[in-house]
J.: 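Here you go, one structure.
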Amino acid sequence: MEAPKPEEISHPPMDQLQGLEYCIDSNPSWGEAIALGFQHYILALGTAVMIPSFLVPLMGGDDGDKVRVVQTLLFVEGINTLLQTLFGTRLPTVIGGSYAFMVPIISIIHDSSLSRIEDPHLRFLSTMRAVQGALIVSSSIQIILGYSQLWAICSRFFSPLGMVPVIALVGFGMFDRGFPVVGRCVEIGVPMLILFIALSQYLKGFHIRQLPILERFALLITVTVIWAYAHLLTASGAYKHRPELTQINCRTDRANLISSAPWIKIPYPLQWGAPTFDAGHAFGMMAAVLVSLIESTGAFKAASRLASATPPPAHVLSRGIGWQGIGILLSGLFGTLSGSTVSIENVGLLGSTRVGSRRVIQISAGLMIFFSILGKFGALFASIPFTIFAAVYCVLFGLVASVGLSFLQFTNMNSMRNLFITGVALFLGLSVPDYFREYTAKAFHGPAHTNAGWFNDFINTIFFSPPTVALIVAVFLDNTLDYKDSARDRGMPWWVKFRTFKGDGRNEEFYTLPFNLNQFFPPS
């Protein structure tokens, strides 16, 4: 038997991901784009509802306060997404709320000067203003690092090998928001997971008027079907005598969002009152801003691949981080109870639908703003049980993680050095945050527990984040371990042409600013 040729047993590395129907600057029809934008809006609701639903009751807020925070978060998400897609990296990324900010925010909630306020509503307002002040001050970190191009300089130490664990753990690091949440209501979560995989993958060849409708709109179809099924179970009394936790995760009438939402309400800056400023709160929040920066860096690189674009040049990446800093500043001014970061699930949806169009994301941003103003309609969609979103996350987070692993194609994985760095960074990136989580669950405080609260918040926030731990380990090892003789093994010859804007001719097509702004802000 004739020996197989090398090209038959391996695949050549590819700068751009193939197989997408629409890339970053190609657009579907307006009708299809609006439907796809609505799908991204629905997916963004999961995090936008989950964060306030957890934090507002801890602050002493009621259902009305929770609805206002959800509306404000969605409104600011829409603004930040438009700013990022127009003037930032210009990648098709939704800028949403971030779980990274929960550690310092919970620390602020438990601050003795706030927790001893007896009136619940006054405690809520006082805590909100303290969080706003911390966000406003800490946003300066990303604004300075981004617009000064310092993050572009830092990114020159990144290689394809060093980025693999970071991007992979942007997805894998969210595992606790996947099946562990699905398991809280398996009768809804498991059918959702199976149906979404069936429609988006096994039945993707089904076309109506040459449109792969089941693949393209699998999320909308499955959410509608399972939401109706969950409502039927709720109405039939299936959860009447079940434990409280089961009812919260399964019932469709426990969010109390629709009844509490106003018909029309426009969020505005300083709507909760004047922010208050505390140095300790701000310093702890700065750690979350750094985590958000690292997670977004990995997400931007994943989004560029799923939009069939080239990796963003250092100048463009830094510009995007600067605009994300502006987004955190807006979050502080409006009072969203969270900072800003790239929505990982929406990046995964680019790959699931095979549509990486920038216009679709801009439409979804418009829908976020529109439905956040029309309170009742937005609250209707926001009442979808979180278990439904968690089932979809199992697929979409995994898809983003696999994009990170795909960068291994540009490296030499027959090198023991590369195997060591990749394995250690991936393992510690999962193991260290898991230790911090387990320790906190048992002791009700993080491993860093000194008299300096700001130090505790800083250390605990940094090491709660898998991508951040992975970046620290991978970039340190990659730039200190036999680095002089391993440029080719690390993938640097492929990577170097994407470091500068003019290094590759395709960069101008993907990343040039609109309205001829490049003549005022020339790329480096």
J.: Are His281 and Val131 side-chain neighbours, meaning at least one heavy-atom pair lies under 4.5 Å?
T.: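 No - every pair of side-chain heavy atoms lies 4.5 Å or more apart.
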J.: For Thr89, is there any backbone N or O sitting under 3.5 Å from a side-chain donor or acceptor partner on Gln84?
T.: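 Here the side-chain-to-backbone pair exists.
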J.: Could you tell me whether Asp478 and Arg417 have a side-chain N and a carboxylate O separated by less than 4.0 Å?
T.: yes
J.: Going by heavy atoms in the side chains, are Phe300 and Val347 under 4.5 Å from each other?
T.: no
J.: What closest approach, in Å, do His207 and Pro212 show between heavy atoms, and which atom pair accounts for it?
T.: CD2-N, 3.7 Å
J.: Provide the closest heavy-atom pair for Pro165 versus Leu426 in the form atom of the first, atom of the second, distance.
T.: CA-CD2, 3.8 Å
J.: Would you say the side chains of Gln324 and Ser292 form a donor-acceptor pair under 3.5 Å?
T.: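 Side-chain D/A pair, Gln324 to Ser292: present.
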J.: Might you point out which heavy atoms bring Ala288 and Pro104 nearest each other, and give the distance in Å?
T.: CB-CG, 3.9 Å
J.: From Ile344 CD1 over to Leu399 CG, what is the distance, rounded to the nearest 0.5 angstrom?
T.: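 Between atom CD1 of Ile344 and atom CG of Leu399 there are 12.0 Å.
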J.: Heavy-atom count check: over 12 atoms from other residues, nucleotides or ligands less than 6.0 Å from Phe370 CZ?
T.: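 No.
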J.: Spell out, as yes or no, whether a donor-acceptor pair under 3.5 Å connects the side chain of Ser352 to the backbone of Leu349.
T.: no
J.: Check whether any side-chain N or O of Asp434 sits under 3.5 Å from a backbone N or O of Leu430 as a donor-acceptor pair, and report yes or no.
T.: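 Checked: no pair found.
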J.: Which heavy atom in Gly298 sits nearest to a heavy atom in Val166, and how many Å separate them?
T.: CA-CG1, 4.4 Å
J.: Any donor and acceptor pair, going by atom type alone, linking the side chain of Tyr511 with main-chain N or O of His315 inside 3.5 Å?
T.: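 Pair absent, no side-chain N/O of Tyr511 close to backbone of His315.
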J.: I would like to know whether Glu345 and Thr47 meet side-chain hydrogen bond (donor to acceptor under 3.5 Å, both in side chains); could you show each step before the answer?
T.: CA-CA 9 Å; Glu345 55 267 34; Thr47 300; 2.9 Å; yes
J.: Enter the distance from Leu317:CG to Trp151:CH2 here, rounded to the nearest 0.5 Å.
T.: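 Rounded to the nearest 0.5 Å, the CG-CH2 separation comes to 8.0 Å.
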J.: Are the side chains of Thr341 and Phe101 in touch, meaning some heavy atoms are under 4.5 Å apart?
T.: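 Not touching, per the 4.5 Å side-chain cut-off.
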J.: Short question: side chain of Arg319, backbone of Gly88 - any donor-acceptor pair under 3.5 Å?
T.: yes
J.: List the atom of Arg90, the atom of Leu513, and the distance in Å for their closest heavy-atom pair.
T.: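 Closest pair (atom of Arg90, atom of Leu513, distance): CD-CA, 4.1 Å.
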J.: Can you confirm whether Phe455 is buried at CZ, in the sense that more than 12 heavy atoms of other residues, nucleotides or ligands lie under 6.0 Å from that atom?
T.: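 Atom CZ in Phe455 is not packed in, count stays at 12 or less.
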J.: Any side-chain heavy atom of Arg216 sitting closer than 4.5 Å to one from Glu21?
T.: yes
J.: If the plane angle is over 60° it's perpendicular, under 30° parallel, otherwise tilted; pick one for Tyr41 and Phe38.
T.: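 Rings of Tyr41 and Phe38: tilted, as their planes differ by 30° to 60°.
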J.: First locate atom CG of Leu471, then atom CE of Met163, and finally report the distance between them rounded to the nearest 0.5 Å.
T.: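 So the CG of Leu471 and the CE of Met163 are separated by 5.0 Å.
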J.: Measuring from Leu73:CG to Ser340:OG, what's the distance to the nearest 0.5 Å?
T.: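 Leu73 CG to Ser340 OG: 8.0 Å, rounded to 0.5 Å.
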J.: So do the side chains of Leu74 and Glu77 get within less than 4.5 Å of each other, counting heavy atoms only?
T.: yes
J.: Does Ser357 reach the main-chain N or O of Ile24 with its side chain, forming a donor-acceptor pair under 3.5 Å?
T.: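 It does not hold such a pair.
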J.: I'd like to know if the side chain of Arg354 reaches the main chain of Gly19, judged simply by a donor and an acceptor atom lying under 3.5 Å from each other, with no hydrogens or angles considered.
T.: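 Between the backbone of Gly19 and the side chain of Arg354 there is a qualifying donor-acceptor contact (under 3.5 Å).
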J.: Output, in order, the C-alpha distance, side-chain angles, deciding distance and verdict of side chain to side chain contact (heavy atoms under 4.5 Å, CB included) for Val342 and Leu91.
T.: CA-CA 11 Å; Val342 176; Leu91 288 164; over 6 Å; no
J.: Is there a side chain to side chain contact (heavy atoms under 4.5 Å, CB included) between Ile143 and Ile326 once you walk through the steps?
T.: CA-CA 6 Å; Ile143 293 172; Ile326 296 291; 4.0 Å; yes
J.: Would you indicate whether the side-chain heavy atoms of Met413 and Leu419 approach each other to under 4.5 Å?
T.: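 With C-beta onward as the side chain, the pair touches.
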J.: Are there more than 12 heavy atoms of other residues, nucleotides or ligands under 6.0 Å from atom CD of Glu509?
T.: yes
J.: Considering only heavy atoms from C-beta outward, does the side chain of Leu211 approach that of Phe217 to under 4.5 Å?
T.: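 Leu211 reaches Phe217 side chain to side chain.
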J.: So, taking the atom named CG in Asp176 and the one named CZ in Phe397, what distance separates them when rounded to the nearest 0.5 Å?
T.: 9.0 Å
J.: Tell me whether Arg488 at atom CZ has more than 12 heavy atoms from other residues, nucleotides or ligands lying less than 6.0 Å away.
T.: no
J.: Take Tyr22 and Glu32, measure what side chain to side chain contact (heavy atoms under 4.5 Å, CB included) needs, and give me the verdict at the end.
T.: CA-CA 12 Å; Tyr22 299 97; Glu32 188 179 348; 4.0 Å; yes
J.: Does NZ or CZ of Arg177 fall inside the cone over Tyr99's six-membered ring, less than 6.0 Å from its centre and within 45° of the axis?
T.: yes
J.: Could you verify whether a donor N or O on one side chain and an acceptor N or O on the other, from Thr411 and Asn418, lie under 3.5 Å apart?
T.: no
J.: Using the side chain to side chain contact (heavy atoms under 4.5 Å, CB included) criterion, which residues pair with Val432? Sequence neighbours excluded.
T.: Leu428, Phe436, Phe463, Val469
J.: Would you check if Leu337 and Thr72 make a side-chain contact, meaning some heavy-atom pair closer than 4.5 Å?
T.: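 Sidechains of Thr72 and Leu337: no contact.
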J.: Please walk me through it: do Asn412 and Ser486 pass side chain to side chain contact (heavy atoms under 4.5 Å, CB included)?
T.: CA-CA 10 Å; Asn412 176 17; Ser486 57; over 6 Å; no
J.: So which heavy atom on Met368 is nearest to which on Val94, and how close?
T.: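 Heavy atoms only, the tightest pair is CE-CG1, 3.5 Å.
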J.: Between CD1 of Ile167 and NZ of Lys301, what distance do you get to the nearest 0.5 Å?
T.: 7.0 Å
J.: Verify, without hydrogens or angle tests, whether Ser138 (side chain) and Leu135 (backbone) share a donor-acceptor contact under 3.5 angstrom.
T.: yes
J.: With distance as the sole test, does Gln39 use its side chain to make a donor-acceptor pair with the main-chain N or O of Leu220 at under 3.5 Å?
T.: yes
J.: State which residues pass ring-ring contact (aromatic ring centres under 6.0 Å, His included) with Phe87; sequence neighbours excluded, sorted by chain then number.
T.: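 Checked Phe87 against ring-ring contact (aromatic ring centres under 6.0 Å, His included); matches are Trp323.
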J.: Ser465 side chain to Ile462 main-chain N or O, any donor-acceptor pair under 3.5 Å?
T.: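 Judged by distance alone, no pair lies under 3.5 Å.
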